[in-house]
Structures are given as structure tokens and as C-alpha cells.
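For reference, the structure discussed in these notes is given below.
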Amino acid sequence: MPETPSDVRVVEAGPYGHRVIDHDWPHEARACRNVQKTLTTHVNTVDDLPPVRWLGGVDIGFEDGGNTTRAAAVVLNAQTLEVVDTALARVPTRMPYIPGLLSFREIPGALAALEQLATLPDLILVDGHGIAHPRRLGVATHLGLVTGLPTIGVAKKRLTGSHAEVPDKRGAWVELTDRGETIGAVLRSRVGVKPIFISPGHRIGLASALSFTMSALTRYRLPETTRVADKLASNR
DNA sequence: GCGACAG
DNA sequence: ATCTTGTCGC
């Protein structure tokens with residue numbers, strides 16, 4: 001069984017009825033990295049999803065020069081991409097942005113926004129990486145662990161890993177690898193734009209992560225889930 | 001020591 | 001992420 005120090009706890013019935021990993025929220029970088037190392041043992045990158053009817057999106061913005069975190073959570077009809085629910089939450093920012101520790105800065109706000117949703121998403125596309133992270137614990141993976149919900153990381157820039165050139169054709173993708181592991185995919189979401197980085201968050205594999213992401217793409221570089229959440233989080 | 005570095 | 005207008009191009 002995985003090691004679970006006192007500051008990391010396994011909870012069989014979390015906020016949404018699923019098994020979740022609860023833990024304290026340190027403010028110091030060293031402690032955050034230690035929590036990440038323990039959390040890694042609980043990540044599931046094998047498909048374990050319900051039928052996806054409601055597709056969620058989460059994105060975070062900031063105000064007051066960063067002192068206030070503005071989090072947006074949205075739910076779209078997975079079939080029609082119609083927006084069925086939205087929520088906006090403002091919470092005081094607790095941590096600065098530190099590469100590799102983004103989740104400790106953004107998740108508190110994300111949780112506050114998710115709590116306000118009337119419709120619980122079956123799968124959430126998060127703005128940021130999933131396991132495509134130095135310790136395999138990007139914001140999407142971390143959010144999946146603490147909510148118990150399936151998540152996918154959709155990032156606009158690379159954090160770690162390397163990859164071949166991506167053909168300039170919509171839907172083309174190449175593997176993103178790091179230290180001998182496949183940690184995600186680099187996807188050309190539309191011709192003529194910079195590719196996006198897709199990686200499993202929690203309770204999903206790379207193939208399905210790519211499939212669901214592509215199902216939410218229309219004519220833009222980013223999937224509708226993150227586009228809708230993004231405008232909510234940035235527009236005052 | 002040097003370079004890299006999600007949002 | 002955020003500070004910020006117009007502008008080049010399909």
C-alpha cells in the first residue's frame with residue numbers, strides 16, 4: 001500500500017462521492033514538493049470514467065495584482081458543447097507562482113468554483129498540465145486527486161519533456177516524453193497555430209484524454225471548455 | 001554553476 | 001497570469 005504521511009489522507013467518500021486524497025496545504029515550496037511526491041502514488045492514468053454527458057472546464061485568473069484569485073468552472077453538454085452551467089469564485093491568493101507548484105496556487109479557487117456548480121461534470125479539462133510535470137503532479141492531476149473526478153490537462157506551453165515536430169495538420173499529434181516515459185501528447189488543434197499539450201490528469205489514459213479533448217475542439221486553438229472558462233475568469 | 005520554467 | 005492599441009493577415 002502507498003505511503004501516506006500524516007499530512008496526506010485517503011478519504012473513501014470525498015465531496016463528490018468518490019475516493020479522494022485529502023491533505024494539508026503547505027505554503028513553503030519544500031513542503032509542497034514533499035506532498036507532491038506522496039500524492040504521485042495515488043494517480044490513476046487508466047480509464048476509469050462514467051459515461052461523459054457533462055464536460056467541465058476550469059480556468060483561473062487574478063485581480064489586485066495577484067492578491068485575489070478569480071476561478072471559473074463551467075459545464076458543457078459533451079455532445080453539443082452547449083454551456084449548461086457556470087460558476088465564478090473569488091478567493092484570496094495564498095501562494096505566488098512557482099514553476100512546478102502551480103496547483104498549490106490555483107486549486108483552492110478551483111474548488112470554490114466547482115462547489116457552486118449545480119451540475120457536476122463527469123470529466124474536467126483543466127488549464128495546465130496533468131502528469132506532464134517534473135514530479136507527474138500538474139494542476140490537472142492534483143485537482144483530480146482532491147476532487148476524485150476524472151481530469152485532463154490542457155496546456156498552452158511545455159513545462160517539461162521533449163517531442164518531435166508536430167505536422168501542421170489539424171488533429172496531428174506526437175508524444176511528449178520525459179526521462180523515458182510518455183507523459184502526454186502535443187496536439188495541433190488547428191492548422192497554423194502553436195500546438196497544445198495534452199496529458200492525463202487523473203482516472204484517464206492518454207488516448208482517451210486526446211479523444212475527449214478533440215471532441216471539444218471547434219474552429220479555435222483551445223477546446224470550448226477552456227475557452228468558455230477563460231473568458232469567465234478574465235472578463236471582470 | 002547554467003539554463004529552463006504550466007499559469 | 002497581468003500590464004496594454006493598433007495592426008497585419010486570412
Side-chain angles (χ1 to χ4, degrees), chain A residues 25 27 29-30 32-33 35-36 39-40 43 57-74 88-114 124-145 151-163 168-170 176-179 181 183-202 206 209 213 218-223 225-236:
Chain A
W25 291 82
H27 289 63
R30 181 75 205 315
C32 290
R33 296 191 185 94
V35 168
Q36 292 182 323
L39 290 180
T40 319
V43 180
V58 164
D59 187 50
I60 277 65
F62 296 90
E63 314 177 325
D64 302 322
N67 294 315
T68 299
T69 297
R70 191 175 46 219
V74 303
L88 187 59
R90 278 171 227 261
V91 303
T93 306
R94 310 178 191 173
M95 289 258 308
Y97 166 67
I98 300 174
L101 299 181
L102 176 68
S103 62
F104 289 86
R105 175 174 168 81
E106 302 196 336
I107 287 184
L111 293 177
L114 286 172
I124 304 173
L125 273 62
V126 183
D127 190 21
H129 289 101
I131 62 170
H133 175 283
R135 288 169 295 284
R136 310 296 181 253
L137 252 141
V139 61
T141 299
H142 197 160
L143 184 63
L145 288 173
T151 58
I152 295 175
V154 179
K156 298 180 287 297
K157 296 177 184 172
R158 183 194 71 90
L159 171 60
T160 191
S162 59
H163 64 88
D168 192 18
K169 177 173 183 179
R170 187 172 191 276
L176 176 64
T177 61
D178 185 41
R179 287 180 274 140
E181 292 178 61
I183 58 175
V186 190
L187 171 70
R188 187 77 67 180
S189 50
R190 69 160 284 183
V191 174
V193 300
K194 296 184 348 182
I196 56 179
F197 300 76
I198 312 302
S199 60
H202 184 47
L206 180 57
T213 298
T218 58
R219 73 165 79 176
Y220 304 99
R221 179 163 90 118
L222 300 172
T225 42
T226 66
R227 294 188 69 242
V228 176
D230 189 64
K231 65 180 63 173
L232 239 185
S234 25
N235 290 199
R236 72 179 344 191

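Below, chain A is the first sequence line, B the second, and so on; all start at residue 1.
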| request: Please state how far atom CG in A/Asp178 lies from atom P in B/dA6, giving the value in whole angstrom units. | output: 14 Å

| Within the side chain of A/Asp168, is there an N or O that forms a donor-acceptor pair under 3.5 Å with the backbone of A/Val191? | no

| Euclidean distance, atom CG of residue A/Leu102 to atom C1' of B/dC5 [Å, nearest integer] | 12 Å

| request: Remember a base hit wins even if backbone is also touched, and classify A/Leu137 as base, sugar-phosphate or nothing at under 4.0 Å, heavy atoms. | output: nothing

| So among A/Thr151, A/Leu102, A/Asp127, which one has a side-chain contact (heavy atoms from CB on, under 4.5 Å) with A/Val139? | A/Leu102

| Under 4.0 Å between a side-chain N or O of A/Arg158 and OP1 or OP2 of B/dC5? | yes

| request: Please state how far atom NE2 in A/His163 lies from atom C1' in B/dA6, giving the value in whole angstrom units. | output: 14 Å

| note | Atom CZ of A/Arg135 and atom C1' of B/dC5 are separated, to the nearest Å, by 12 Å

| CZ (A/Arg30) with more than 12 external heavy atoms under 6.0 Å | no

| task | State whether the side chain of A/Arg70 and the backbone N or O of A/Gly61 hold a donor-acceptor pair below 3.5 Å, judged by distance alone. | result | no

| When the distance from CZ of A/Arg33 to P of B/dA6 is rounded to whole Å, what number comes out? | 14 Å

Can you check nucleotides 1-3 of chain C for protein contacts, nitrogen or oxygen pairs under 3.5 Å, and list what you find?
residue : atom : partner  : partner atom : Å
C/dA1   : OP2  : A/Lys156 : NZ           : 3.4
C/dT2   : OP1  : A/Phe62  : N            : 3.3

| query | Quick one: which of A/Val74, A/Leu232, A/Leu222 gives a side-chain contact (heavy atoms from CB on, under 4.5 Å) with A/Arg227? | reply | A/Leu222

| Salt bridge check: are A/Asp59 and A/Lys231 linked by an N-O gap of less than 4.0 Å? | no

| remark: When rounded to whole Å, the NE2 to P distance for the pair A/His142 and B/dG7 reads 18 Å

| said: Rounded to whole Å, how long is the line connecting atom NE2 of A/His133 with atom P of B/dA6? | reply: 11 Å

| request: With heavy atoms under 4.0 Å as the rule, sort A/Gly100 into base, sugar-phosphate or nothing. | output: base

| note | Separation of B/dA4 atom P from A/Tyr97 atom OH, nearest Å, is 15 Å

| query | Between A/His142 and A/Trp25, what is the ring plane arrangement, given parallel below 30°, perpendicular above 60°, and tilted in between? | reply | parallel

